[in-house]
Amino acid sequence: MAEFTHLLVVKFKEEVVVEDIIKGLEELVSQVDIVKSFVWGKDIESMEMLRQGFTHAFMMTFGSKDDFTAFQTHPNHMQFSATFSAAIEKIVLLDFPVVAFKTPQ
């Protein structure tokens, strides 16, 4: 089975302390073993016209779609999801099986 990726591109509400949200995400993925990897970053290069207000990207990788489905219903995810949802102004969310063309070495 192919790995499965959960990708979020986010614009947070102005009053949000982004560091607190990131800390919460890091705690969440540390508590849920089925998350294979978690990476995030803040955009520092894109022109505002292209960024469209989005500032952060978060990506979680799972061993399979079944693992992703289990994560979606995990109690820790469901609890944190409410906090995360309240912090975002807008989001793009993509969930997809990984098609590897060139992998890191």
Side-chain angles (χ1 to χ4, degrees):
M1 250 189 214
E3 287 185 342
F4 201 82
T5 296
H6 180 55
L7 174 67
L8 302 92
V9 181
V10 175
K11 177 182 181 184
F12 289 103
K13 294 177 180 175
E14 275 192 41
E15 68 274 9
V16 170
V17 179
V18 177
E19 293 79 14
D20 292 345
I21 299 299
I22 292 169
K23 183 179 177 187
L25 278 166
E26 291 172 346
E27 288 175 10
L28 170 64
V29 299
S30 295
Q31 297 166 353
V32 182
D33 292 339
I34 56 177
V35 178
K36 191 171 177 178
S37 69
F38 171 65
V39 296
W40 69 271
K42 180 178 180 184
D43 182 76
I44 60 169
E45 293 290 326
S46 302
M47 293 182 288
E48 179 57 35
M49 174 185 85
L50 299 174
R51 183 183 313 144
Q52 299 181 37
F54 293 101
T55 57
H56 291 76
F58 303 94
M59 186 170 72
M60 293 179 199
T61 304
F62 300 86
S64 67
K65 185 176 185 310
D66 289 342
D67 287 350
F68 170 69
T69 301
F71 173 75
Q72 291 293 96
T73 58
H74 192 282
N76 295 18
H77 174 262
M78 295 181 77
Q79 181 180 6
F80 185 76
S81 185
T83 300
F84 188 80
S85 296
I88 58 175
E89 184 172 319
K90 63 182 183 174
I91 188 171
V92 173
L93 174 69
L94 299 171
D95 299 313
F96 55 92
V98 173
V99 178
F101 177 74
K102 183 176 180 179
T103 58
Q105 297 184 23

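The two residues H77 and Q72 make their nearest non-hydrogen contact at ND1-O, 3.2 Å.
Residues I22 and H56 have side chains in contact (heavy-atom distance under 4.5 Å, counting atoms from C-beta outward). You'll find the side chain of V98 stays beyond 4.5 Å of the side chain of F4, heavy atoms only. For the pair L7 and F96, the minimum side-chain heavy-atom distance is below 4.5 Å.
Heavy-atom contacts from other residues, nucleotides or ligands closer than 6.0 Å to CD of E15 number more than 12. Within 6.0 Å of NZ in K90 there are more than 12 heavy atoms belonging to other residues, nucleotides or ligands.
Between atom OG of residue S64 and atom NZ of residue K36 there is a gap of 9.5 Å, rounded to the nearest 0.5 Å. Distance check: H6 NE2 to K65 NZ gives 12.0 Å after rounding to the nearest 0.5 Å. Atom CZ of F54 is separated from atom NZ of K11 by 8.5 Å, given to the nearest 0.5 angstrom. Atom CG of D95 and atom OG1 of T69 lie 9.0 Å apart (nearest 0.5 Å). The CD atom of Q31 sits 8.5 Å away from atom CD of Q79, with the distance rounded to the nearest 0.5 Å. Separating the CE atom in M60 from the CG atom in D67 is a distance of 13.5 Å, to the nearest 0.5 Å.
Ring geometry for F38 against F58 counts as parallel: the plane angle stays under 30°, on a 0 to 90° scale with 60° as the upper cut. The aromatic rings of F84 and F12 lie perpendicular to each other, with more than 60° between the two planes, well past the 30° mark.
In the hydrophobic clustering of this structure, V39 groups with L94; members are Ile, Leu, Val, Met, Phe, Trp, Tyr whose side-chain heavy atoms approach within less than 4.5 Å, directly or through other members. Tracing side-chain contacts under 4.5 Å through hydrophobic residues (I, L, V, M, F, W, Y), one reaches V16 starting from L93; they form part of the same cluster. If you chain together hydrophobic residues whose side chains sit under 4.5 Å apart, L28 and M59 never meet in one group. Note: the hydrophobic cluster containing F80 also contains I34 (ILVMFWY, side chain heavy atoms under 4.5 Å, direct or indirect links).
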task = Evaluate the side-chain contact (heavy atoms from CB on, under 4.5 Å) criterion for residues L25 and W40: first the C-alpha distance (whole Å), next the side-chain angles of each, then the deciding distance (0.1 Å), finally the verdict.
result = CA-CA 10 Å; L25 278 166; W40 69 271; over 6 Å; no
- request: Applying side-chain contact (heavy atoms from CB on, under 4.5 Å), run through I91 and V10 and close with a yes or a no.
  value: CA-CA 5 Å; I91 188 171; V10 175; 4.0 Å; yes
